[in-house]
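Since the structure comes first, as structure tokens, the remarks are kept for the end.
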Amino acid sequence: MPRTIATARKPDHQELLEFVRPRHHALLSTTRRDGTPQLSPVTCGLDDDGRVLISTYPERAKTHNARRDSRVSVCVLSDEWDGPYVQVDGEAEVLDLPDALEPLVEYFRVISGEHPDWDEYREAMQAQGKSLIRITPTRWGPIATGGFPPRLADD
């Protein structure tokens, strides 16, 4: 039975955006006060400026952590378990209402398309007191897949 060989390819910025844009599952890594990592599974989108968008609430650990230390990482995953993924490191900014409202509209749009009633959506975001984490990429790793190292390809 042929073995799946791991891959890792460093994309340029445009290739990174093309890879991330259709993918919406990710793990966000922030840093706790004691310096240890805190991971959150999130749904993410990519805005027109190439920033990763994550909807959240102001009282969540990821939100507190990103406010205190804006250096974050997000591992953007494919829908399939063994699909390609990429780690994006960047600077996070946390937007609260009312500043978060239109970016939350963009978040919805880039993930799900048009909402049937944008006024209703805006009201729901306000009623829920939503926030938005917006990450500007500063570096990124290779687009990678899991598998065996190449030296084991023929074993």
Side-chain angles (χ1 to χ4, degrees), residues 3-115 125 128-153:
R3 291 184 172 167
T4 301
I5 303 304
T7 62
R9 185 181 57 76
K10 178 75 172 176
D12 63 26
H13 188 251
Q14 188 59 40
E15 290 174 301
L16 172 73
L17 300 180
E18 290 170 10
F19 179 82
V20 172
R21 189 164 280 112
R23 290 170 173 80
H24 305 299
H25 298 133
L27 290 171
L28 173 66
S29 177
T30 60
T31 305
R32 292 183 180 109
R33 189 176 311 278
D34 68 4
T36 59
Q38 189 269 327
L39 296 173
S40 300
V42 296
T43 300
C44 66
L46 195 68
D47 72 10
D48 289 340
D49 293 322
R51 296 173 296 193
V52 177
L53 307 177
I54 298 167
S55 177
T56 188
Y57 293 94
E59 58 270 28
R60 297 285 195 227
K62 62 181 158 277
T63 310
H64 289 292
N65 293 341
R67 284 187 208 281
R68 189 180 58 259
D69 184 346
S70 64
R71 297 170 301 164
V72 301
S73 295
V74 62
C75 181
V76 180
L77 306 167
S78 294
D79 286 340
E80 62 277 4
W81 173 245
D82 280 340
Y85 61 92
V86 67
Q87 177 176 323
V88 179
D89 302 325
E91 291 292 322
E93 60 179 317
V94 179
L95 302 175
D96 296 309
L97 294 171
D99 296 334
L101 193 56
E102 291 311 309
L104 283 162
V105 167
E106 185 171 17
Y107 166 82
F108 185 98
R109 251 192 198 119
V110 299
I111 295 170
S112 300
E114 293 301 315
H115 191 279
M125 295 301 97
Q128 294 173 31
K130 296 291 278 199
S131 293
L132 185 98
I133 298 174
R134 190 162 58 188
I135 303 164
T136 301
T138 55
R139 73 176 185 184
W140 50 92
I143 295 172
T145 59
F148 289 94
R151 67 180 171 79
L152 298 176

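Every heavy atom of this structure was used, including side-chain atoms; hydrogens, water molecules and symmetry mates were not.
Of all heavy-atom pairs between Pro103 and Leu53, the closest is O-CD1, 4.3 Å. Here the shortest heavy-atom pairing between Pro11 and Pro142 reads CD-CA, 4.1 Å. Closest non-hydrogen pair, Asp48 versus Glu106, comes out as N-OE2, 3.3 Å. Minimum interatomic distance between Ala100 and Lys130 (heavy atoms only, all atoms of both residues): CB-O, 4.3 Å. Of all heavy-atom pairs spanning Ser131 and Leu104, the tightest one is O-CD2, 3.9 Å. Here the shortest heavy-atom pairing between Ile135 and Gly90 reads CG2-CA, 4.0 Å.
When the side chain to side chain contact (heavy atoms under 4.5 Å, CB included) test is applied to Asp34, the partners found at least two apart in sequence or on another chain are Arg32, Thr36. When the side chain to side chain donor-acceptor pair (under 3.5 Å) test is applied to Asp89, the partners found at least two apart in sequence or on another chain are Ser73, Gln87, Arg139. Applying the salt bridge (charged side-chain N to carboxylate O under 4.0 Å, His left out) rule to Glu15 yields the partners Arg9; only residues at least two apart in sequence or on another chain are considered. Residues satisfying the side chain to side chain donor-acceptor pair (under 3.5 Å) criterion with Thr63, sequence neighbours excluded, are Thr56. The salt bridge (charged side-chain N to carboxylate O under 4.0 Å, His left out) check on Arg109 picks up Glu114, with sequence neighbours excluded. With sequence neighbours excluded, the residues forming a side chain to side chain donor-acceptor pair (under 3.5 Å) with Asp49 are Arg51, listed by chain and number. In terms of the side chain to side chain donor-acceptor pair (under 3.5 Å) criterion, residue partners of Thr145 (sequence neighbours excluded) are, by chain and number, Thr7. Considering only residues two or more places apart in sequence or on other chains, Asp82 meets the side chain to side chain contact (heavy atoms under 4.5 Å, CB included) condition with none of them. Legend: residues meeting salt bridge (charged side-chain N to carboxylate O under 4.0 Å, His left out) with Arg21, ordered by chain and number and at least two apart, are absent.
Among residues at least two apart or in separate chains, there is no ring-ring contact (aromatic ring centres under 6.0 Å, His included) pair with a member in residues 43-97. Counting only residues at least two apart or on different chains, the ring-ring contact (aromatic ring centres under 6.0 Å, His included) pairs with a member in residues 8-43 are His13-Trp140. Residue pairs satisfying the ring-ring contact (aromatic ring centres under 6.0 Å, His included) criterion with at least one member in residues 88-109, sequence neighbours excluded, are listed as follows: Phe108-His115, Phe108-Trp118, Phe108-Tyr121.
Between Val86 and Leu16, the closest side-chain pair of non-hydrogen atoms falls below 4.5 Å. In this structure, the side chains of Gln128 and Ser55 stay at 4.5 Å or more apart for every pair of heavy atoms.
When only modelled atom types and interatomic distance are considered, Thr30 and Gln38 share a side-chain donor-acceptor pair under 3.5 Å. Of the N and O atoms on the side chains of Arg71 and Thr31, not one donor lies less than 3.5 Å from an acceptor on the other residue.
Listed for the Asp99 side chain is no donor-acceptor partner under 3.5 Å among the backbone atoms of Leu95.
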